[in-house]
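Down below is the structure, laid out as structure tokens.
So that the names make sense, note that chain A is the first sequence line, chain B the second, and so on, each numbered from 1.
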2 protein chains.
Amino acid sequence: MKKVSEPTIGRLSVYLRLLMELAEADVDTVSSEELASRSGTTAAQVRKDLSLFGTFGKRGLGYSVPELVTRLRAILGLEKAWRVALVGAGRIGAALFGYENFRRQGFNIEAVFDTDPTKVGQRWNGLVVEADAGMERVLEERGIEIAVVAVPARAAQGVVDRLVAAGIRGILNFAPTQLDVPAGVVVKTVDMALEMEGLSYALSREEREPGAA
Amino acid sequence: MKKVSEPTIGRLSVYLRLLMELAEADVDTVSSEELASRSGTTAAQVRKDLSLFGTFGKRGLGYSVPELVTRLRAILGLEKAWRVALVGAGRIGAALFGYENFRRQGFNIEAVFDTDPTKVGQRWNGLVVEADAGMERVLEERGIEIAVVAVPARAAQGVVDRLVAAGIRGILNFAPTQLDVPAGVVVKTVDMALEMEGLSYALSREEREPGAA
DNA sequence: CAGAGTTTGTGAAAGCGTTCACAAACAAAC
DNA sequence: GTTTGTTTGTGAACGCTTTCACAAACTCTG
Ligand SMILES: NC(=O)c1ccc[n+]([C@@H]2O[C@H](COP(=O)([O-])OP(=O)(O)OC[C@H]3O[C@@H](n4cnc5c(N)ncnc54)[C@H](O)[C@@H]3O)[C@@H](O)[C@H]2O)c1
Ligand SMILES: NC(=O)c1ccc[n+]([C@@H]2O[C@H](COP(=O)([O-])OP(=O)(O)OC[C@H]3O[C@@H](n4cnc5c(N)ncnc54)[C@H](O)[C@@H]3O)[C@@H](O)[C@H]2O)c1
């Protein structure tokens, strides 16, 4: 198989979301052109992305919506439910915990950890917030595969080291910091400050040199 | 000036964050090599990124930390404080509202809007949650420049249309949906579901073909 | 069932961003 | 003040991703 780039995977996720909306609306066929316009890319890009994984379309007709949903879910590893732990029961952690879409896509939060003694023992929707000390044991017991790190930046690397030692190989990080992990462990960082600064840059630029789209 | 790519701006934000940490620790000089290793890139990349905006370093020595902080803040448009509105006073909205780092970097949330009558009128840290109906007037009155959209996906495009009509030109979007805006308006979307699916893809791939880093 | 009209899949070309490599510039030591 | 060592700034090479363009494959209509 050809190598698949990060941007391609991101677009596949976007296509999948659109296709699920289309399936909801009982549309059964879609062209690369339509998919492209709805996802803000080009038809050629859509076809190239999909062609990396097989040939799913029918010439002259387009793609079968239900089939492509199934294929994309398989490609993205969304056929199984993932067991997820949340480390850091603060503001972002609470928001994520309550976010139904995560569960809907098959990401089940099955453990919550925090160091704060006032938080440990709280029941979150039936799930007890665990003390940070017993983390390794709980991760093991519940077969956790993915961790969401929502602790303050200076605590993040320490938490990640423990997670990795405990066998976690996928981490979604909200702390605005660079994390070091060994090869074989995948970290995705969601950095909102960075996006805000991107906006700041773009807006100041427009003020300085108008018309530079 | 040469054209500046998105990834470059992202890295400049990362450099700035590191430099502020170094300044805090009273380090006064840093090499591209050091900056690179701390931000997970290469020395050549650091130098190329910076060289797009001027020549800030001293050969044989490196970069002055305080000077580079000042320069990067100017480049990124962070010398002023931005007036920000939050649309959608839900879980994500609340988390962002309480997030001190935003204010610290000069993003001041000066208006909060929601449609939910039980939320309208609430005081959030002294700021009254406004009804969605008066949005345009409040945006105008308070000179809002950037909006954070944290409403359900199906409401997002409608909100954005109103924001754009009201003159807002920078939007940070948390709704997992494609937003259409006219040229001249900048939208950055933070899509956590997408990142999770990236993890899912990477992890399933490793299971299927181990050793494919 | 033939012909007109679509739409895919994919090599080839173009466009971008990253990495390389090195001369030029400076610091520091003696 | 000269030498040695370090680090920058940048053109050129490289590699990766996107876009182009079109033959092949299929649908649909009459
Ligand atoms: N709040 C936001 O909107 C927002 C936005 C962007 C990024 N972030 C980042 O997300 C992270 C969390 O932010 P927050 O606003 O939720 O902070 P918070 O202070 O509300 O929550 C952090 C939680 O982590 C816990 N914690 C601290 N050290 C821990 C450890 N070693 N193990 C387990 N738990 C630990 C704390 O007890 C606390 O409950 C931070 O890194 C922050 O920079 C937050
Ligand atoms: N909670 C999360 O962790 C999370 C994670 C990723 C993405 N998101 C996305 O962020 C958005 C908000 O999520 P949430 O969890 O905070 O939802 P939420 O339901 O807690 O909050 C949404 C708020 O928006 C308000 N609202 C609805 N329509 C509005 C309108 N037209 N104008 C103004 N306010 C309006 C609602 O009254 C509610 O208070 C959603 O698009 C969601 O998909 C949330």
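In terms of heavy-atom proximity, B:L50 sits nearest to B:L72 at CD2-CD2, 4.0 Å. Here the shortest heavy-atom pairing between B:V164 and B:P182 reads CG1-CG, 3.6 Å. The minimum heavy-atom distance between B:Q178 and A:S39, with the atom names listed, is OE1-O, 3.7 Å. Smallest separation of non-hydrogen atoms from B:F53 and B:F56: O-CZ, 3.4 Å. Closest approach of A:S204 and B:G77 over heavy atoms only: OG-CA, 3.2 Å.
Where the helix from C:dC1-D:dG30 to C:dC30-D:dG1 starts and where it ends, the local axes point in directions that differ by 20°; five pairs per end, rounded to 10°.
Listed candidates were D:dC26, D:dT17, C:dC26. Nearest to the side chain of A:K3 is D:dT17.
Note on A:R154 versus B:E21: no salt bridge recorded, every NZ/NE/NH1/NH2 to OD/OE distance being 4.0 Å or above. Between A:R142 and A:E130 there is a salt bridge, with a side-chain nitrogen of the basic residue lying less than 4.0 Å from a carboxylate oxygen of the acidic one. The pair B:E67-B:K58 does not meet the salt-bridge criterion, since no charged nitrogen lies less than 4.0 angstrom from a carboxylate oxygen.
With rounding to the nearest 0.5 Å, the separation of OG in A:S200 from CD1 in B:I75 is 11.5 Å. Once rounded to the nearest 0.5 Å, the distance linking CG of B:L199 with CZ of A:F107 reads 7.5 Å.
Rounded to an integer number of Å, the gap from NZ of A:K58 to C1' of C:dT8 is 12 Å. For the pair A:E6 CD and C:dG17 C1', the interatomic distance rounds to 16 Å; values are reported in whole Å. Counting to the nearest Å, the C1' atom of D:dT7 and the CG atom of B:L68 are 14 Å from each other. Between the C1' atom of D:dT8 and the CG atom of B:L52 lies a distance of 15 Å, rounded to the nearest Å. Atoms CZ (A:F56) and P (C:dG9) sit 9 Å apart, rounded to a whole Å.
Taken residue by residue, residues 7-16 of chain A places no heavy atom nearer than 4.0 Å to DNA chain C. Listed by residue number, B:S32, B:R47, B:K48, B:S51 are the residues of residues 32-51 of chain B with a heavy-atom contact under 4.0 Å to DNA chain D.
The base of D:dT8 sits within donor-acceptor range of the side chain of B:R59, with an N or O pair under 3.5 Å.
Look at B:Y63 and you won't find any side-chain N or O under 4.0 angstrom from OP1 or OP2 of D:dT6.
With B:N173 as the fixed residue, the side-chain contact (heavy atoms from CB on, under 4.5 Å) test singles out one of B:V187, B:V160, B:V87, B:V148: B:V187.
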